[in-house]
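Throughout, protein chains are lettered first and strands after them, A, B, ... in sequence-line order, and every chain is numbered starting at 1. When reading the values below, keep in mind they use all heavy atoms of this one structure, side chains included, and skip hydrogens, waters and symmetry mates.
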There are 2 protein chains.
Amino acid sequence: MQLNDLSLMPIDPSNVSLNLDRFLPYRLNRLAHNVGVSLATIYTDAFGISRSQWRVMALLGQHQRLTAKQICNMTHMDKVKVSRAVNGLVKLNYLQTTPDKADKRAVLLTHSVEGKELFQVMVPQVQAWEEDFLKKLSVQEISQLATIIDKLDPSNEY
Amino acid sequence: MQLNDLSLMPIDPSNVSLNLDRFLPYRLNRLAHNVGVSLATIYTDAFGISRSQWRVMALLGQHQRLTAKQICNMTHMDKVKVSRAVNGLVKLNYLQTTPDKADKRAVLLTHSVEGKELFQVMVPQVQAWEEDFLKKLSVQEISQLATIIDKLDPSNEY
DNA sequence: CAGACATTGTTACTTATGCAACTAAATGAC
DNA sequence: GTCATTTAGTTGCATAAGTAACAATGTCTG
């Protein structure tokens, strides 16, 4: 199925019309949803970690030590969402919290020992999933997609 | 910021690591979310129509007459989600329902007069939004994106 | 340093979403 | 035809997610 034209084009001059299959926001949303559901089987089914919790874990795997606020900025997640994900992870013993001495409102978050272990186990599985998923594209297309996404949703300013 | 490599690469051989900024499911989800929120201002703020309701309206704008089941198949939406979207639209008088004579379980859905009117008003605004959004990409990139999305999430088999 | 304003994170309330169980109708085996 | 199995759509319950209001702390102005 071709998808190369703009999705909206008048057919009858007196009536606007829209081809949903070619409507980018729709296709994007459907794709992201399907990807998310598929990937979630790894961290949800196998490890009992929610989508937002996984995201927090991943970010802390990369940056070791962050406040909730920083996580918000980096991921564009709502602060309530982050707060809840963090609290869940703390209860599961995957995160360690240290009060920020410089700012008593903030809390510094790091992986706990169990968190590090979990992360080490999860990442290869997630990696395998991504690799398999991207097999549908050529190397060139993967690179194109990355460029395009970056243009449409510029990465973090933090 | 470059995003051309696979997002997962071992840095320290003994420790796996993951760069979230380059992790495709994450980037895809964030992009789709931002697009969705931005677009929703049109149909939610201006017309009081939810995301899934908009989708149902759009599909019926294209196919005139569908059952809820067909909408499920076409959009990959959960049947409960469709059911609720439809019921909401019926209450708002944007949809008309006709029992299917051939199958008494099914209900045929069409735009009501008000629904048609609403649709005619919404589509140009949505179209304008998409056009503006896609200005960030070259014509070639738009075409590449369409091709890539179709490979990653093949369009409807209905 | 006092008062106004901003910021971090939480809680409470509301709405969206998903799954499982259900009703009613249809299909199919025999 | 009758009983078991699917199927269309709804309802009920549990979870996710967003908004607004809040407490506690920080910052800035004068």
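Cluster membership for Val86(B) and Leu108(B), using ILVMFWY side-chain heavy atoms within less than 4.5 angstrom, is not shared. When the side chains of ILVMFWY residues are joined at heavy-atom separations under 4.5 Å, either directly or via intervening members, Val37(B) and Ile42(B) end up in two distinct hydrophobic clusters.
Ser83(A) has no side-chain polar atom (N or O) that falls below the 4.0 Å cut-off from OP1 or OP2 of dG9(C).
Counting only residues at least two apart or in different chains, side chain to side chain donor-acceptor pair (under 3.5 Å) contacts with residues 86-102 of chain B are absent.
Of all nucleotides in DNA chain D having an atom under 4.0 Å from a heavy atom of chain A, the first and last in 5' to 3' order are dA17(D) to dG26(D).
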Name every donor-acceptor pair, under 3.5 Å, that has one atom in a side chain of residues 77-85 of chain A and the other anywhere in the protein, sequence neighbours excluded.
unit_1   : atom_1 : unit_2   : atom_2 : d
Asp78(A) : OD2    : Val80(A) : N      : 2.8

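For the helix from dC1(C)-dG30(D) to dC30(C)-dG1(D), the terminal axes (five pairs an end, C1' atoms, rotation from four pairs onto the next four) enclose an angle of 30°, given to 10 degrees.
Looking at every heavy atom in both residues, Leu109(A) comes nearest to Thr67(A) through CD1-C, 4.3 Å. Smallest separation of non-hydrogen atoms from His111(A) and Met57(A): NE2-O, 2.9 Å. Taking both residues in full, the closest heavy atoms of Leu24(B) and Glu130(A) are given as N-OE2, 3.2 Å, listed atom of the first, atom of the second, then distance. In terms of heavy atoms, Pro154(B) sits closest to Arg30(A) at O-NH2, 3.1 Å.
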| message | Checking Trp129(A) against Ser38(A) for the side chain to side chain donor-acceptor pair (under 3.5 Å) test, could you report, in this order, the C-alpha distance in whole Å, the side-chain angles of both residues, the deciding distance, and whether it holds? | response | CA-CA 9 Å; Trp129(A) 187 96; Ser38(A) 174; 3.0 Å; yes
| Could you walk me through whether Tyr43(B) and Ser50(B) pass the side chain to side chain contact (heavy atoms under 4.5 Å, CB included) check? | CA-CA 7 Å; Tyr43(B) 35 84; Ser50(B) 79; over 6 Å; no
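At most 12 heavy atoms of other shown residues, nucleotides or ligands fall within 6.0 angstrom of atom NZ in Lys104(A).
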Dump the pairs, protein N or O against N or O of nucleotides 13-20 of chain C, anything under 3.5 Å, distances to one decimal.
unit_1  : atom_1 : unit_2   : atom_2 : d
dG18(C) : N7     : Arg84(B) : NH2    : 2.9
dG18(C) : O6     : Arg84(B) : NH1    : 3.3
dG18(C) : O6     : Arg84(B) : NH2    : 3.0

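Residues from residues 91-110 of chain A with heavy atoms under 4.0 angstrom of DNA chain D, sorted by number: Asp103(A), Lys104(A), Arg105(A).
Ring geometry for Phe23(A) against Trp54(B) counts as perpendicular: the plane angle is over 60°, on a 0 to 90° scale with 30° as the lower cut.
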